[in-house]
Amino acid sequence: MFTEELNFFIANQDRLVNEHRGKVLAIRGNEIIGVYGTPLEAYLESQKRFPVGTFMIQPCEPGPEAYTVSLV
């Protein structure tokens with residue numbers, strides 16, 4: 001789930017961070033469908049246009065910490 005979106009973010013992370021650092025991206029497939037100030041705003045606005053589960057919400061920050069989760 002969201003493999004395509006995550007791969008798109010990782011492949012374009014440097015450029016996206018340069019353009020949108022500190023923002024939250026909504027990604028659908030290989031397309032940025034929105035740039036927002038908070039995850040909640042990204043979710044609420046994106047779900048108006050696309051069904052829930054068809055887009056990914058991604059913090060736009062540098063490094064692998066932006067897209068990895070550590071479970072303890």
Side-chain angles (χ1 to χ4, degrees):
M1 189 170 191
F2 301 122
T3 302
E4 182 179 9
E5 290 82 359
L6 181 59
N7 287 338
F8 171 79
F9 176 75
I10 293 168
N12 294 282
Q13 187 177 17
D14 291 339
R15 175 182 62 81
L16 293 170
V17 168
N18 187 49
E19 295 173 3
H20 306 293
R21 186 177 193 151
K23 299 292 186 178
V24 178
L25 307 176
I27 304 171
R28 187 169 194 250
N30 290 318
E31 180 183 0
I32 303 298
I33 59 170
V35 179
Y36 303 96
T38 67
L40 179 59
E41 181 186 13
Y43 172 79
L44 292 174
E45 292 302 315
S46 297
Q47 61 89 29
K48 291 177 183 176
R49 296 177 24 215
F50 302 100
V52 173
T54 65
F55 57 88
M56 182 179 89
I57 305 298
Q58 175 64 51
C60 193
E61 297 293 340
E65 298 82 17
Y67 56 83
T68 57
V69 176
S70 297
L71 301 174
V72 189

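- The shortest side-chain heavy-atom distance between Phe8 and Glu31 does not fall under the 4.5 Å cut-off.
- Atoms CD and CG, on Gln58 and Leu25 in that order, are 7.0 Å from each other to the nearest 0.5 Å.
- Taking each heavy atom of Val35 and Lys23 in turn, the nearest pair found is CG1-CB, 3.7 Å.
- A distance-only check finds no donor-acceptor pair linking the side chain of Asn18 to the backbone of Asp14 [under 3.5 Å].
- Arg28 places no side-chain N or O within 3.5 Å of a backbone atom of Phe50 that could act as its donor or acceptor partner.
- Nearest heavy-atom pair across Leu16 and Cys60 is O-SG, 3.3 Å.
- Salt-bridge formation is detected for the pair Lys48/Glu45: a Lys NZ or Arg NE/NH1/NH2 atom is positioned less than 4.0 Å from an Asp or Glu carboxylate oxygen.
- Taking 4.5 Å as the limit, every side-chain heavy atom of Ile32 sits out of range of all side-chain heavy atoms of Asn12.
- Between Glu61 and Arg21, some side-chain heavy-atom pair lies under the 4.5 Å cut-off.
- The CD1 atom of Ile57 lies 8.0 Å from the OH atom of Tyr36; values are rounded to the nearest 0.5 Å.
- The neighbour count for Tyr43 OH, taken as heavy atoms of other residues, nucleotides or ligands under 6.0 Å away, does not exceed 12.
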Verdict with reasoning, Gln13 to Tyr67, per side chain to side chain contact (heavy atoms under 4.5 Å, CB included): CA-CA 10 Å; Gln13 187 177 17; Tyr67 56 83; 3.4 Å; yes
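- Scanning both residues, Phe9 and Pro59, for their nearest heavy atoms gives CZ-O, 3.7 Å.
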